[in-house]
Asks: 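After the structure tokens below, expect a handful of questions from me.
Atoms within each ligand, like the ligands themselves, are counted from 1 in listed order.
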Amino acid sequence: MKKNIDLSRRRFMQRTGMGLLAATAVPAWLNAMEMGKASSLLGNQPNPNFKPDVEIDLVAQRDVVSILPGKGTAVFCYRAHLVKGPKETVMEIPGSYLGPIFRLYKGQQVRINFHNKLPEPSITHWHGLHVSPETDGHPMYAIAEGGVRVYEFEVLNRAGLNIYHPHPHGATATQVYYGLAGGLIVNDQDEARLELPSGEYEIPVVIQDRRFDSQNQLLYGASMHDRTIGFYGDRILVNGQVDVSMDLASTAYRLRMINGSNARIYKLAWSDGSPLTVIGVDGGLLEVPETKPYVMMAPGERLDVWVDFTGRSKGSEVALKSLAFKGVLPKMAENRMHGGGGHGMGMMGGGLPVGSEFNILKIRIVREVNEAPRLPSHLSSYTQHSVSDVANPDHPIPIGISEGPNAMLLNGRPYAFNDVQSNERIPVNTLQLLEIFHAHGGHGDGGVNGQEMEGQSKGMSAMGGGMNMMGGNMAMMFSMAHPIHIHGQQFQVISRSSASTDPEGYASVKEGLISSGLKDTVLVMPGERVKVIKPFQDFKGLFMYHCHNLEHEDMGMMREFEIY
Ligand SMILES: [Cu+2]
């Protein structure tokens with residue numbers, strides 16, 4: 001009975017959401033023009049010819065929120081106000097430092113007025129959205145305190161879960177760490193037809209790790225070691241809260257998961273040994289559901305997980321865990337973490353070593369329901385490309401990872417604005433093959449073509465003399481896993497070579513790497529080579545690609561493609 005009410009409410013919400021799309025848009029530009037007169041738009045005037053279906057004021061500001069018992073925690077956070085559009089566009093997560101979840105529909109015209117009220121420059125990137133370079137949150141558009149940037153775009157993406165977060169060069173890691181991040185859901189008609197769990201049965205699960213001092217304040221250290229392996233917290237937060245326990249019903253749920261951590265990689269599994277059912281990844285629904293014993297999730301990645309608690313009795317509990325694994329850290333750091341050499345805060349990731357086992361989220365069944373929607377056997381259709389479709393089947397665009405004590409590089413070069421190399425220039429409206437690999441990571445075979453070798457040798461000398469002497473074994477000591485994120489349209493992972501530098505570590509994560517679906521962030525294990533096919537359509541200009549270990553990104557493991 002309850003279920004029927006929920007289902008009809010769900011259909012109603014879907015109808016109203018979609019219905020507003022068709023309704024005549026009332027221009028909101030008058031309102032925006034008023035703002036322009038009143039404040040400094042810094043050349044970012046709204047376009048009077050742009051007719052938004054949705055308009056949001058988004059503010060990055062300081063706040064104090066309650067995370068631990070006692071004293072409040074000072075944070076940076078996104079707060080939003082819906083100026084125009086369906087009510088469900090902005091869904092607050094009560095009490096959280098996380099920004100509200102935005103819910104947009106494919107085809108909507110969206111205007112977001114971003115106000116920076118932080119005491120430092122910032123800019124917002126829509127991780128996963130296919131938008132123009134001016135709208136993508138490139139670091140060159142960072143605005144100072146008091147500044148405004150107006151984003152106007154059409155939602156071109158298919159249904160999926162995306163992220164909004166800061167992208168100022170050199171300060172992304174700290175701004176995200178202190179709280180700036182939010183989820184951005186896109187819905188479309190193909191997805192709506194599946195009638196997946198929605199409303200209270202669709203739950204955001206944003207996973208992060210943080211460290212607190214004795215005054216409940218966020219601790220962030222950026223020692224050389226922290227920068228090299230990334231910064232790890234010793235408390236796990238879900239949706240901005242610690243020790244989260246959710247009271248749910250014995251029915252099916254859709255968990256919309258984001259790894260919003262700076263550096264931590266999770267090996268997600270259910271505590272009772274049930275397999276995980278994955279229905280979607282970064283770029284939306286898979287073709288068919290996949291069941292996995294566990295799933296690896298790196299910073300910047302998203303997962304759409306189906307879970308059905310039917311048959312569980314009231315009072316029963318299950319936890320979402322991260323299981324033990326190895327092989328993602330440089331050998332030197334991993335030995336130190338697991339070697340029992342102490343638990344110093346700076347060196348060990350606090351009391352929660354990377355790859356250790358811990359609970360993320362407890363779920364308690366508090367209501368028995370005897371019905372659940374059925375998991376669809378077919379979820380979505382999208383164009384699946386093969387190498388014969390790409391413009392460059394024999395010359396993949398290289399993304400060569402090189403890491404050293406204080407030098408995190410791509411294709412041998414640190415990030416520099418407008419430093420585009422010949423192999424980073426890509427003609428618009430083409431489909432390209434890209435190969436991501438460890439340039440010094442074990443095979444000793446370096447690059448894939450001459451262009452990349454040229455870049456690599458420059459980078460090697462930039463790192464200082466010692467690195468030039470590195471043979472395969474020395475390089476392996478620094479080799480670690482990197483989640484590589486490419487801005488713009490999602491890509492297909494078409495092949496992964498099995499990593500040979502650390503077979504034991506690789507075996508502990510291998511079954512949890514998902515290669516199907518559309519991705520924008522892919523975890524590349526030490527020694528691994530990953531080939532992807534990515535479209536570069538519609539927009540010319542500069543688009544970033546970088547490591548989504550945010551400490552690495554800020555250290556310069558970031559480059560840009562110029563689409564021409
Ligand atoms: Cu990295």
Side-chain angles (χ1 to χ4, degrees), residues 125 127 139 163 165 167 169-174 176-177 208-209 222-232 259-266 282 296-301 325-334 337 349 354-355 398-415 434-442 455-456 459 462-463 467 475-487 496 499 501-502 505-506 509 513 519-530 532 544-560:
H125 165 54
H127 179 134
I163 315 169
H165 68 74
H167 217 299
H169 182 46
T172 296
T174 49
V176 171
Y177 185 80
Q208 296 175 306
D209 59 339
S223 67
M224 205 264 270
H225 185 267
D226 285 331
R227 284 153 55 83
T228 304
I229 69 165
F231 189 74
Y232 296 88
N259 182 349
S261 311
N262 280 35
R264 190 177 289 273
I265 298 166
Y266 302 91
D282 306 347
M296 301 306 297
M297 193 186 200
E301 288 190 304
F325 62 93
K326 287 170 75 170
V328 302
L329 290 183
K331 274 281 157 253
M332 286 161 71
E334 193 157 76
M337 261 196 189
V354 176
I399 299 182
I401 295 166
S402 54
E403 61 261 283
N406 208 8
M408 290 287 168
L409 310 171
L410 290 177
N411 291 334
R413 301 174 81 84
Y415 177 67
L434 291 80
E435 184 170 31
I436 313 168
F437 58 94
H438 290 258
H440 324 294
Q456 188 180 323
M463 274 190 264
M467 295 294 279
M476 268 171 59
M477 296 301 280
F478 291 104
S479 189
M480 63 178 287
H482 301 270
I484 300 297
H485 172 47
I486 310 174
H487 286 211
R496 284 174 175 276
T501 52
D502 178 7
Y506 195 67
V509 305
L513 300 170
K519 299 281 295 167
D520 54 48
T521 308
V522 60
L523 180 62
V524 182
M525 292 292 289
E528 202 173 30
R529 281 178 176 265
V530 178
V532 309
M544 318 300 300
Y545 64 101
H546 59 86
C547 183
H548 220 283
N549 176 315
L550 300 182
E551 282 70 33
H552 291 177
E553 175 183 345
D554 281 351
M555 279 174 85
M557 192 174 251
M558 175 162 82
R559 298 285 307 162
E560 54 202 17

Asks: Among Asn411, Asp520, Ile436, which residue satisfies the side-chain contact (heavy atoms from CB on, under 4.5 Å) criterion with Tyr545?
Replies: Asn411
Asks: Please report the shortest heavy-atom distance between Met544 and Tyr415, naming the atom on each side.
Replies: CE-CE1, 3.5 Å
Asks: Test Thr228 against Met408 for side chain to side chain contact (heavy atoms under 4.5 Å, CB included), laying out the working first.
Replies: CA-CA 8 Å; Thr228 304; Met408 290 287 168; 3.8 Å; yes
Asks: Please assess Thr521 against His127 for the test side-chain hydrogen bond (donor to acceptor under 3.5 Å, both in side chains), listing each intermediate value before the final yes or no.
Replies: CA-CA 10 Å; Thr521 308; His127 179 134; 3.2 Å; yes
Asks: Is the His125 ring parallel, tilted or perpendicular to the His485 ring (thresholds 30°, 60°)?
Replies: tilted
Asks: Counting only protein atoms, how many N/O/S atoms are less than 2.8 Å away from the Cu ion (ligand 1)?
Replies: 3
Asks: Among Met557, His482, His167, exactly one meets side-chain contact (heavy atoms from CB on, under 4.5 Å) together with His546. Which residue is that?
Replies: His167
